[in-house]
Amino acid sequence: MKPQNRSLLLPFCLCLSLLLMLAGCSSLNNPKEPVADAIPADVQHVEPEESPLGAKLREHTGDYGNLWDEITDGYNFPEISDAKVDKNLRWLSNNQRYLDRVTEQSKPYLYYVANELRENGLPMELALLPIVESAYDPFASSPSKALGVWQFMPHTGRNFGLKQNHWYDGRRDIVASTDAAVRYLKRLNTMFDGDWLLTIAAYNAGEGTIRRAIQRNRKQGKGTDFWSLPLSQQTQSYVPQLLALSKVIANPEKYDLELTEIPNNPYFTTVNVSSPIDLAQAARMADINPKDLRNLNAGYNKWITDPTGPHQLLVPVADAAQFTLSLDKLPKITPIQVAGDYKVKSGDTLGAIAKRFGTSVAAIQSANNLKNTQLKIGQSLSIPGQAPMDSPYAIQAEQEIAQRKQKNTGTYYTVASGDSFWTIARKNKTTVNNLLKWNELSANAKLKPGQKLLVLNKTTEQKDGNKITYQIKSGDTLHKIANKFDVSKKDILSWNKVKNESYIHPGQELTIYLSAKN
């Protein structure tokens with residue numbers, strides 16, 4: 001139910017409650033009807049005995065002032081006791097810093113995600129799934145090219161309608177990706193007969209992997225529940241991590257943890273824009289932190305909106321009025337050439353077409369999901385314009401964001417025209433191998449002007465006593481991190497007081513002490 005309708009429904013609900021009580025009606029004990037047709041009736045979320053009216057009254061009277069309370073009251077996963085869950089609980093109970101961090105990162109998005117799950121009748125534990133996937137970082141990426149808080153792969157994203165082109169990637173759009181995730185989870189849950197553990201495992205490993213594992217076990221006369229399947233170590237850890245996290249969120253005191261409250265109110269609202277705008281300039285004029293606006297609109301690949309749509313921006317509710325006023329004062333961006341569709345003619349090449357329309361081969365390939373440069377006569381191509389150069393506002397915003405990252409993670413060097421790994425290494429008094437290692441690049445990687453490279457030089461090391469903080473990315477392993485900074489796994493465990501190296505969490509921060517040779 002939308003928050004703005006609550007005040008209108010409250011008197012009605014109270015009167016209805018009184019009438020039901022006087023009539024001695026027992027209908028309050030009946031569970032509400034399923035919300036989503038795609039989900040089997042036997043796994044629908046059933047409210048406590050007083051539902052549905054009691055739940056609505058609790059909502060209207062403010063008992064859900066803390067969003068975490070509404071989320072935990074909507075849990076519907078089976079109660080599980082398992083050694084792997086217990087292992088994750090022990091890890092979480094010793095990592096208050098991790099819980100604080102993912103709570104802070106989830107604040108702008110959690111209300112929207114929880115509301116969409118509730119409206120679709122899905123278990124509210126799923127609101128914690130982006131914590132496991134990405135620590136609620138909209139710019140999170142994995143080595144397998146998954147993106148966004150829900151970590152959609154390119155192919156899966158396109159299958160669920162997430163637009164991906166030169167200007168925009170719906171996998172990083174919190175609204176578009178959450179809608180896709182809800183539909184995907186419904187589909188998986190139907191496929192696995194309402195079993196939520198198999199559903200979550202399939203979200204991680206793919207439905208084909210889980211179905212084949214079930215078929216193998218069935219032929220061998222073995223169990224076909226999640227705990228019985230021979231799955232990868234990653235998937236075997238993935239589901240217990242979500243289950244453990246849900247237990248901690250429901251009862252942090254039990255695990256000697258503190259959970260910061262999140263107001264149960266919308267964080268952002270939608271503002272329509274009729275033409276491409278400079279996000280950084282708009283943020284400045286509306287006195288909004290450019291990074292906050294960038295994070296809410298992470299779907300846009302640059303600091304500019306997609307001229308072909310979507311024609312909307314997400315803005316913090318508190319800043320929406322001022323932002324809307326600022327839109328009218330923004331100088332118009334020079335019209336961007338968006339040629340629309342072009343039919344390939346005899347003799348055409350991607351290079352010639354790109355030159356004709358003032359764009360690039362890569363942009364055309366991205367806009368049309370082309371895996372190579374081969375064309376067919378009569379083929380229809382969507383031709384995007386070339387993204388404009390970064391405005392002074394965007395450049396300044398990028399620099400400010402990079403400076404904030406410098407505190408404990410080193411400095412960022414902006415690649416200039418004519419730079420090479422050798423010249424950059426020489427300027428920063430380090431080696432090419434270090435640059436490649438710190439930025440996870442191959443020796444034949446190409447540099448682009450404006451690209452930012454992490455540099456951990458001696459000046460940075462001395463400033464913080466050789467200590468840096470590294471945030472674990474999706475796909476990281478302890479071995480990979482140790483190699484990246486030329487330290488031992490044993491030392492990393494010791495520095496961070498981590499006893500168990502078999503599982504680490506994306507979003508977790510590790511303290512690492514660099515050696516002098518770095």
Side-chain angles (χ1 to χ4, degrees), residues 66-107 109-110 113-114 123-137 140 149 196-197 200-201 204 226-227 233-262 408 467 469-479 481-482 489-513:
N66 180 9
L67 181 56
W68 291 125
D69 292 338
E70 181 168 3
I71 288 174
T72 56
D73 202 32
Y75 279 6
N76 201 27
F77 280 10
E79 182 64 30
I80 298 292
S81 294
D82 181 81
K84 292 179 180 177
V85 176
D86 292 340
K87 183 175 79 170
N88 279 277
L89 284 171
R90 287 193 296 272
W91 185 90
L92 287 167
S93 66
N94 288 304
N95 282 275
Q96 177 69 55
R97 186 180 178 187
Y98 169 78
L99 188 62
D100 291 341
R101 188 172 177 282
V102 296
T103 298
E104 185 64 27
Q105 288 193 175
S106 70
K107 281 182 180 179
Y109 318 107
L110 191 61
V113 170
M124 296 297 274
E125 289 97 334
L126 297 175
L128 309 179
L129 193 59
I131 294 180
V132 179
E133 284 286 348
S134 64
Y136 264 106
D137 178 0
V149 298
W196 279 108
L197 299 191
I200 298 304
N204 175 253
F226 166 75
W227 307 103
Q233 181 62 42
Q234 182 190 33
T235 305
Q236 287 180 12
S237 299
Y238 182 84
V239 174
Q241 185 187 354
L242 179 62
L243 295 175
L245 186 60
S246 67
K247 288 176 179 288
V248 165
I249 297 299
N251 191 359
E253 295 84 4
K254 180 178 179 180
Y255 304 99
D256 198 26
L257 293 167
E258 295 181 3
L259 183 63
T260 303
E261 290 190 1
I262 297 181
N408 286 319
K467 182 177 77 171
T469 301
Y470 178 76
Q471 181 182 339
I472 298 174
K473 302 175 184 177
S474 179
D476 269 343
T477 64
L478 204 60
H479 177 74
I481 296 170
K489 293 192 295 183
K490 182 178 180 181
D491 282 341
I492 295 178
L493 293 174
S494 175
W495 294 330
N496 294 277
K497 298 180 180 179
V498 177
K499 298 179 181 179
N500 190 345
E501 66 172 294
S502 64
Y503 193 82
I504 56 177
H505 300 261
Q508 176 187 355
E509 291 183 344
L510 294 176
T511 295
I512 296 176
Y513 293 89

Flag the pair Lys247 and Glu79 as a salt bridge only when some basic side-chain nitrogen lies within less than 4.0 angstrom of an acidic carboxylate oxygen. yes
Distance in Å, Phe77 CZ paired with Met124 CE, rounded so as to fall on 0.5 Å steps: 11.5 Å
May I ask you to test the Asn204-Val132 pair for a side-chain heavy-atom distance under 4.5 Å? no
pair Gln105-Asp137: side-chain heavy atoms closer than 4.5 Å: yes
Ignoring hydrogens, what is the shortest heavy-atom contact between Pro240 and Thr235? Give both atom names and the distance. CD-O, 4.4 Å
Scanning both residues in full, the closest heavy-atom pair of Val149 with Tyr136 reads CG1-C, 3.8 Å
Sequence-distant partners of Lys254, side chain to side chain contact (heavy atoms under 4.5 Å, CB included), two or more places apart: Asn251
Let me know which of Val113, Ile71, Ile200, Asn76 forms a side chain to side chain contact (heavy atoms under 4.5 Å, CB included) with Leu126. Ile200
Could you give the distance from CG (Leu242) to CG (Leu128), rounded to the nearest 0.5 Å? 6.0 Å
Heavy atoms, side chains only, cut-off 4.5 Å: are Glu261 and Leu67 in contact? no
Which heavy atom of Glu258 sits nearest a heavy atom of Leu99, and at what distance? O-CD2, 3.6 Å
Given side chain to side chain contact (heavy atoms under 4.5 Å, CB included), test Asp86 with Asp82 step by step and report yes or no. CA-CA 6 Å; Asp86 292 340; Asp82 181 81; over 6 Å; no
Determine whether Leu243 and Asn88 make a side-chain contact, defined as any pair of heavy atoms from C-beta on separated by less than 4.5 Å. no
Any side-chain donor paired with an acceptor under 3.5 Å for Tyr238 and Gln233? no
Would you name the heavy atoms of Gly74 and Glu125 that are closest together and state the gap between them? O-OE1, 4.3 Å
Exercise: identify the closest heavy-atom pair between Trp196 and Pro123: CZ2-CD, 3.3 Å
Just by distance, with hydrogens left out, do Ser93 and Asp256 show a side-chain donor and acceptor under 3.5 Å apart? no
Could you pull out the closest heavy-atom pair between Ala244 and Leu89, with the gap in Å? O-CD2, 3.4 Å
Distance (rounded to the nearest 0.5 Å) between Leu493 CG and Leu478 CG: 5.0 Å
Any chance you could measure Gln241, atom CD, to Glu133, atom CD, to the nearest 0.5 Å? 9.5 Å
I'd like to know if the side chain of Asp73 and the backbone of Asp69 have a donor-acceptor N/O pair within less than 3.5 Å. no
Is any side-chain heavy atom of Leu259 less than 4.5 Å from a side-chain heavy atom of Trp68? yes
Atom CD1 in Ile512, atom OH in Tyr470: separation rounded to 0.5 Å? 8.0 Å
Decide yes or no for Tyr75 and Ile249: does some side-chain heavy atom of the first lie under 4.5 Å from some side-chain heavy atom of the second? yes
